[in-house]
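Here the structure comes first, spelled out in structure tokens, and everything after it is commentary.
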Amino acid sequence: MQGTSWLSLTAKREVAFVQDYLVTLHTHLTEVPDENCFALGEAIRDDFIDLSDSLEERAFQFFQRGIGRAKPDSLDLWHKYDRKAAEDRLRGMKLLTAVELFKHKPERDAG
């Protein structure tokens, strides 16, 4: 199966990492009370900006350097970062810290 014109191997790795991030977020949302979800969203907003910027950069790299290739990279090639690199990158983002911060219900004022 062939990729689209901008799905170079590096872009596919970014797409796969975004997918891993979203799966991790979905998994951890079960630990966060509903009333804390908005605050969690605010805390991880920069992660989404970073992910978007990174994916955009990989797509532009293709148009700057790789567009002249006769055929796009195959989607059949291994397209994920190695596990350690993905885990290290995920730990460097705000998601896991924010989930820990917001997974407990806020204490209500006694007054």
Side-chain angles (χ1 to χ4, degrees):
M1 174 168 69
Q2 297 299 316
T4 63
S5 61
W6 66 273
L7 273 179
S8 63
L9 183 59
T10 57
K12 285 185 277 187
R13 284 187 175 139
E14 281 305 302
V15 170
F17 182 76
V18 170
Q19 182 180 16
D20 289 345
Y21 181 96
L22 292 173
V23 168
T24 302
L25 173 60
H26 177 74
T27 300
H28 287 290
L29 277 178
T30 60
E31 303 171 18
V32 178
D34 291 346
E35 59 268 20
N36 291 352
C37 285
F38 185 76
L40 174 63
E42 288 178 324
I44 64 173
R45 177 181 182 269
D46 287 342
D47 283 353
F48 283 91
I49 293 169
D50 293 344
L51 291 168
S52 173
D53 288 347
S54 184
L55 184 57
E56 182 180 41
E57 181 182 328
R58 297 317 186 278
F60 278 136
Q61 285 173 355
F62 171 77
F63 285 110
Q64 289 173 340
R65 293 184 221 132
I67 201 161
R69 289 186 299 178
K71 83 177 193 185
D73 292 334
S74 170
L75 289 176
D76 295 332
L77 297 174
W78 183 252
H79 58 276
K80 294 188 84 169
Y81 291 111
D82 67 72
R83 185 178 182 128
K84 182 180 180 341
E87 288 173 350
D88 288 348
R89 188 168 170 200
L90 188 59
R91 274 192 293 276
M93 302 191 90
K94 297 179 180 183
L95 174 64
L96 299 177
T97 303
V99 166
E100 284 302 311
L101 189 64
F102 293 108
K103 73 179 183 181
H104 305 288
K105 289 191 178 195
E107 294 183 26
R108 308 252 181 203
D109 289 340

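Every heavy atom of this structure was used, including side-chain atoms; hydrogens, water molecules and symmetry mates were not.
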Heavy atoms only: give me the nearest Pro33-Lys103 pair and the separation to one decimal. CD-O, 3.2 Å
Is any side-chain heavy atom of Leu40 closer than 4.5 Å to a side-chain heavy atom of His28? no
Starting at CD of Glu14, measure out to OG1 of Thr10 and round the result to the nearest 0.5 Å. 7.5 Å
Quick one, Asn36 and His104 - any side-chain contact, counting heavy atoms below 4.5 Å? no
Is the count of non-hydrogen atoms from other residues, nucleotides or ligands lying under 6.0 Å from Arg83 atom CZ greater than 12? no
Here the gap from Leu101 atom CG to Leu96 atom CG, rounded to the nearest 0.5 Å, amounts to 12.5 Å
Does atom CD of Glu42 have more than 12 heavy-atom neighbours, drawn from other residues, nucleotides or ligands, at distances under 6.0 Å? yes
For Asp53, does the CG atom have more than 12 heavy-atom neighbours from other residues, nucleotides or ligands under 6.0 Å away? yes
Show, in sequence, the C-alpha distance, side-chain angles and deciding distance for Lys84 and Asp88, and conclude whether the side chain to side chain contact (heavy atoms under 4.5 Å, CB included) test is met. CA-CA 6 Å; Lys84 182 180 180 341; Asp88 288 348; 2.7 Å; yes
Quick one: do Phe17 and Phe60 end up in the same hydrophobic cluster if we chain Ile, Leu, Val, Met, Phe, Trp and Tyr together by side-chain heavy atoms under 4.5 Å apart? no
Is Thr24 close to Leu95 at the side-chain level, that is, under 4.5 Å between some pair of heavy atoms? yes
Got Leu25 and Ile44 here, is their nearest side-chain heavy-atom distance under 4.5 Å? yes
Scanning both residues in full, the closest heavy-atom pair of Arg58 with Ala11 reads CB-CA, 3.8 Å
